[in-house]
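Hydrogens, waters and symmetry mates are skipped; everything else that's a heavy atom, side chains included, is used. We name chains A, B, ... by the order of the sequence lines, and we start the count at 1 in each one.
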Protein chains: 4
Amino acid sequence: MFIQIEPLSNVPIYEQVTRQIIEGIARGDMGPGDTLPSVRSLAADLGVNMHTVNKSYHELEAKGIITIRAKSGAIIRSTEERALTPEQLQQIEKNLKPVVAEGMVLGATVDQIEHMMKKVFADLQLPAEGV
Amino acid sequence: MFIQIEPLSNVPIYEQVTRQIIEGIARGDMGPGDTLPSVRSLAADLGVNMHTVNKSYHELEAKGIITIRAKSGAIIRSTEERALTPEQLQQIEKNLKPVVAEGMVLGATVDQIEHMMKKVFADLQLPAEGV
Amino acid sequence: MFIQIEPLSNVPIYEQVTRQIIEGIARGDMGPGDTLPSVRSLAADLGVNMHTVNKSYHELEAKGIITIRAKSGAIIRSTEERALTPEQLQQIEKNLKPVVAEGMVLGATVDQIEHMMKKVFADLQLPAEGV
Amino acid sequence: MFIQIEPLSNVPIYEQVTRQIIEGIARGDMGPGDTLPSVRSLAADLGVNMHTVNKSYHELEAKGIITIRAKSGAIIRSTEERALTPEQLQQIEKNLKPVVAEGMVLGATVDQIEHMMKKVFADLQLPAEGV
DNA sequence: GTGGTCTAGACCACG
DNA sequence: GTGGTCTAGACCACT
């Protein structure tokens with residue numbers, strides 16, 4: 001598994017797990033239909049408690065990214081199953097805003113921020129169209 | 001003051017204050033050399049605890065955005081004073097990444113995310129060059 | 001067979017089987033004296049484990065709805081054989097209560113809930129007397 | 001507090017807590033704006049673990065019935081805030097169905113089931129219009 | 001072997 | 001004092 005935990009981070013461990021699984025899916029490491037490792041095995045891999053991973057999986061389910069089949073495992077949903085609601089788009093904007101604002105205030109130019117954006121797309125192996 | 005607190009949000013109040021001050025500066029509502037309201041008056045305005053605003057100001061100072069001078073108040077530093085370090089640029093990328101990744105996995109297209117980016121720039125009254 | 005399994009549901013598969021057999025009987029698809037398919041054939045039909053169907057049949061027997069005779073199969077009992085005890089009536093009320101209460105708290109009107117009730121009766125092809 | 005836990009029940013404790021809080025709200029024991037007891041105090045009252053009550057509260061939040069304000073408490077939302085979606089109405093029907101079907105198969109008449117319905121409404125102190 | 005539930009007890013951040 | 005997070009370890013139900 002490709003997940004790296006930073007125990008000292010302010011970001012809760014379960015949130016770190018959630019994010020890195022999302023990034024793994026975005027990157028194409030895992031895709032729709034694939035099964036996530038069992039909560040216990042992933043917990044053992046990461047050296048964290050089972051409940052921590054469990055919470056992460058339930059967060060992913062709440063976001064509509066995976067489906068948890070009791071006693072059977074967690075499966076990545078297909079993009080078709082996941083409807084992108086206007087609320088979700090708005091949420092993306094809401095999440096983007098403070099990051100951009102802080103960057104600007106710290107002295108970053110629009111160009112620099114867009115360059116960061118390109119790097120993120122590249123890291124997710126996505127074509128950064130027209131950026 | 002232009003700050004709106006959402007008491008129901010998961011985001012801590014002090015963090016909401018911090019972000020909105022940053023957005024206010026990015027938007028040009030306030031600029032270098034300006035003095036932030038006193039901790040007490042802002043706390044009274046927002047109806048929150050004094051300690052909450054105090055924590056927010058200290059967070060802004062830690063980010064290098066303001067300077068707190070005992071008794072004379074909190075002053076916004078000029079952009080020249082604030083050096084944009086490579087570490088800070090990297091931090092922006094690090095903050096951008098999970099937002100973008102989640103958007104992609106939820107089914108947003110690169111175009112949609114870039115559109116959100118444009119809206120954020122527009123909201124911050126910044127020219128979105130070449131986007 | 002008319003049974004549809006939803007593998008993603010939180011409701012255990014054996015419980016889904018049990019409910020749908022009950023609904024089938026209520027709907028009149030099958031009646032007293034009829035024999036349920038063998039555990040093996042139904043399990044094969046549904047693509048589930050034999051034990052799962054077996055558990056469902058034993059649940060139906062415990063509820064007094066069918067009689068399991070070793071080797072000759074599971075037979076639906078007649079309504080006369082099944083005595084409706086006061087305890088069972090009370091159990092119905094107990095099961096109804098949380099459903100109704102949640103509906104009300106979520107903002108449903110009495111009329112809306114009664115309308116749902118009518119739809120359920122209609123779906124079970126029963127005359128909804130005086131509702 | 002009016003909650004009674006049945007430790008032997010198949011229904012999980014956290015679910016029993018959830019249901020009885022919902023019934024309490026439906027009954028008018030508590031209303032919009034009221035604060036639920038803290039997870040720790042309710043847990044102590046009921047003789048269960050804090051996490052069990054915590055899970056119940058989060059279930060109530062997911063249903064849209066309460067809002068959890070971190071470090072401040074859980075508040076009952078007003079009915080206006082809670083939009084009754086068509087999905088929720090359909091869910092009520094889906095929950096009602098197996099209960100009614102089982103009643104019918106066990107030999108209950110439509111009248112008897114509607115009588116149970118009346119009793120439930122009465123218990124929730126609601127006018128059972130035209131039933 | 002899986003996730004679900006539950007307990008006990010700990011430390012932290014927020015207000 | 002509140003909820004949030006995390007750990008450790010247990011038993012159960014389902015497949």
Side-chain angles (χ1 to χ4, degrees), chain A residues 5 7 9-17 35-44 46-59 61 66-75, chain B residues 5 7 9-17 43 46-56 59, chain C residues 5 7 9-17 43 46-56, chain D residues 5 7-17 35-44 46-59 61 66-75:
Chain A
I5 298 299
S9 166
N10 303 315
V11 182
I13 296 176
Y14 77 89
E15 182 66 27
Q16 295 183 41
V17 173
T35 304
L36 295 183
S38 81
V39 285
R40 279 174 174 79
S41 69
L42 181 52
L46 303 178
V48 302
N49 191 277
M50 182 203 85
H51 293 117
T52 306
V53 174
N54 195 33
K55 180 159 189 177
S56 169
Y57 279 21
H58 279 278
E59 201 188 7
E61 190 178 38
I66 67 172
T67 300
I68 299 176
R69 285 177 59 171
K71 286 104 200 181
S72 152
I75 302 154
Chain B
I5 298 298
S9 167
N10 304 313
V11 182
I13 294 175
Y14 81 91
E15 183 66 27
Q16 294 184 42
V17 174
L46 303 179
V48 302
N49 194 292
M50 202 192 76
H51 298 324
T52 305
V53 174
N54 196 36
K55 178 158 189 176
S56 171
E59 202 187 10
Chain C
I5 298 299
S9 167
N10 305 313
V11 182
I13 294 175
Y14 81 92
E15 183 66 26
Q16 294 184 42
V17 174
L46 303 178
V48 302
N49 194 293
M50 202 192 75
H51 299 323
T52 305
V53 174
N54 195 38
K55 178 157 191 177
S56 171
Chain D
I5 298 300
L8 305 175
S9 166
N10 303 315
V11 182
I13 295 176
Y14 78 89
E15 182 66 27
Q16 295 183 42
V17 174
T35 304
L36 294 184
S38 80
V39 286
R40 279 173 175 80
S41 69
L42 181 51
L46 302 178
V48 302
N49 191 278
M50 182 203 86
H51 292 116
T52 305
V53 174
N54 195 33
K55 181 160 187 175
S56 169
Y57 280 20
H58 279 279
E59 201 188 6
E61 189 179 39
I66 67 171
T67 300
I68 299 176
R69 284 176 60 170
K71 286 106 199 181
S72 152
I75 301 153

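- Residue A/Ser38 places no side-chain N or O under 4.0 Å from the OP1 or OP2 atom of E/dG1.
- Put simply, CD1 on D/Ile75 is 11 Å from P on F/dG3, counting in whole angstrom units.
- The shortest distance between side-chain heavy atoms of A/His58 and A/Asn54 falls below 4.5 Å.
- Put simply, the side chain of D/Leu42 does not reach to within 4.5 Å of the side chain of D/Leu36, judged on heavy atoms.
- Rounded to an integer number of Å, the gap from CD of A/Glu59 to C1' of F/dT5 is 13 Å.
- For D/Ile5 and E/dT7, the CD1 to C1' distance is 15 Å, given to the nearest whole Å.
- Counting to the nearest Å, the C1' atom of F/dT5 and the CD1 atom of D/Ile68 are 14 Å from each other.
- Formation of a donor-acceptor pair under 3.5 Å by the A/Gln16 side chain with backbone atoms of A/Val11 is found in this model.
- Scanning both residues, C/Val17 and C/Ser56, for their nearest heavy atoms gives CG1-OG, 3.3 Å.
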With the sugar-phosphate defined as primed atoms, P, OP1 and OP2, and the base as all remaining atoms, what B/S/- string results for nucleotides 8-14 of chain F, 5' to 3', for protein heavy atoms under 4.0 Å? BBBB-BB
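- Atom pair A/Glu61:CD and E/dG4:P shows a separation of 8 Å (rounding to whole Å applied).
- Side-chain contact between D/Ile75 and D/Ile66: absent, with no pair of heavy atoms (C-beta onward) separated by less than 4.5 Å.
- Pairing each heavy atom of A/Tyr57 with each of A/Val39, the nearest pair is CD2-CG1, 3.7 Å.
- Straight-line distance from the CD atom of B/Gln16 to the P atom of E/dA13: 19 Å, rounded to whole Å.
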Dot-bracket summary - DNA chain E, pairs being Watson-Crick or G-U whose distances fall under 3.5 Å, with | when paired to another strand: ||||||||||||||.
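- Separating the CD atom of B/Glu15 from the C1' atom of E/dC14 is a distance of 13 Å, rounded to the nearest angstrom.
- One atom, CG of A/Leu42, and another, P of E/dG3, lie 10 Å apart when rounded to the nearest Å.
- Side-chain nitrogen and oxygen atoms of A/Thr52 include at least one within less than 4.0 Å of the OP1 or OP2 phosphate oxygen of F/dT7.
- A distance-only check finds a donor-acceptor pair linking the side chain of A/Glu61 to the backbone of A/Ile68 [under 3.5 Å].
- For the residue pair A/Pro37 and A/Ser41, the shortest heavy atom distance occurs at CB-OG, 3.7 Å.
- The side chain of A/Asn54 contributes no N or O atom lying less than 4.0 Å from OP1 or OP2 of E/dG3.
- At a threshold of 4.5 Å between non-hydrogen side-chain atoms, the residues D/Glu59 and D/Glu15 count as touching.
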